[in-house]
Amino acid sequence: MKSEPQVYSISDLERDKQTIWDGVRNYQARNFLRQIQLGDLAFFYHSNVKPPGIVGLMKVIETDVVDPTQFDFNSQYYDPKSYLQSPRWQTVTVEFVQAFETIISLIKLKQEFSDNELLVVKKGNRLSVMPVATEVAKKILGLVS
DNA sequence: GCCAACGTTGGC
DNA sequence: GCCAACGTTGGC
């Protein structure tokens with residue numbers, strides 16, 4: 001799950017302990033959010049910074065959360081075409097688990113994984129939420145220690 | 001700052 | 001339904 005750290009960083013999550021992962025406005029990314037199961041772990045990825053990469057780990061503590069910002073007129077994520085009776089955007093609530101001591105940079109990820117193994121290293125992939133296979137996730141965690 | 005790789009919009 | 005124009009993401 002990607003976030004630009006100047007908008008919301010792993011440090012912010014550590015401070016807040018938990019957060020609703022709001023603002024996703026891409027249907028493919030939303031569909032991935034819908035597939036997330038309670039208790040799933042997720043990597044926190046810092047995008048649009050130097051260097052980009054995975055900076056920590058979090059845990060999903062609530063699924064099928066209606067993104068409140070879609071109904072918030074003052075939010076940049078306000079969606080006038082979404083209705084209270086049938087919300088368009090669902091997301092999850094995540095809990096802080098761990099901030100890695102060093103970033104696992106995108107460069108490192110590209111060295112370790114093919115774009116078939118790990119979607120985030122695929123050229124042109126701009127989705128802010130992507131699935132990671134369990135075996136790949138284990139290997140990534142292995143890079144931390 | 002550039003630009004590739006998308007996704008979205010709207011005229012037809 | 002097609003597709004040109006436009007907007008956005010995000011690595012580089």
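Below, all heavy atoms of this structure are taken into account, side chains as well, without hydrogens, waters or symmetry copies. Everything numeric in this text was worked out from a predicted model, so none of it was measured. Convention: sequence-line order gives letters A, B, ...; per-chain numbering from 1.
Contacts of residues 67-94 of chain A with DNA chain C (heavy atom under 4.0 Å): none. Near DNA chain C, meaning a heavy atom under 4.0 Å from it, residues 107-130 of chain A has A/K110, A/R126 in order of number.
Here the side chain of A/E117 pairs a donor or acceptor atom with the backbone of A/S114 at under 3.5 angstrom. Between the A/T19 side chain and the A/W21 main chain, no donor and acceptor come within less than 3.5 Å of each other. Put simply, the side chain of A/K2 gets close to the backbone of A/L127: a donor and an acceptor are under 3.5 Å apart. A/D16 contributes no side-chain N or O that, together with a main-chain N or O of A/L13, makes up a donor-acceptor pair within less than 3.5 Å. Under a 3.5 Å cut-off, the side chain of A/T69 and the backbone N or O of A/D72 do not form any donor-acceptor pair. No donor-acceptor pair closer than 3.5 Å links the side chain of A/T63 to the backbone N or O of A/L38.
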In a table with atom names and distances, give each donor-acceptor pair under 3.5 Å that connects a side chain of residues 80-87 of chain A to protein atoms at least two apart or in another chain.
| unit_1 | atom_1 | unit_2 | atom_2 | d |
| --- | --- | --- | --- | --- |
| A/S82 | OG | A/Q70 | OE1 | 2.6 |
| A/S82 | OG | A/R88 | N | 3.0 |

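Between A/R34 and A/N31, some side-chain heavy-atom pair lies under the 4.5 Å cut-off. A 4.5 Å side-chain heavy-atom check between A/V136 and A/I140 finds at least one atom pair inside the cut-off.
For residues 87-121 of chain A, the pairs satisfying ring-ring contact (aromatic ring centres under 6.0 Å, His included) are A/Y27-A/W89, with sequence neighbours left out.
Atom CD of A/Q111 sits in a crowded spot, with more than 12 heavy atoms from other residues, nucleotides or ligands closer than 6.0 Å.
Along DNA chain C, the stretch of nucleotides lying under 4.0 Å from any heavy atom of chain A spans, 5' to 3', C/dT8 to C/dC12.
Between A/F73 and A/Y78, the ring planes lie perpendicular to each other; the angle is over 60°, past the 30° to 60° tilted range.
When base pairs are accepted only as Watson-Crick or G-U wobble with both N-N or N-O distances under 3.5 Å, DNA chain B takes part in stems of 3 or more pairs at B:1-12 with C:1-12.
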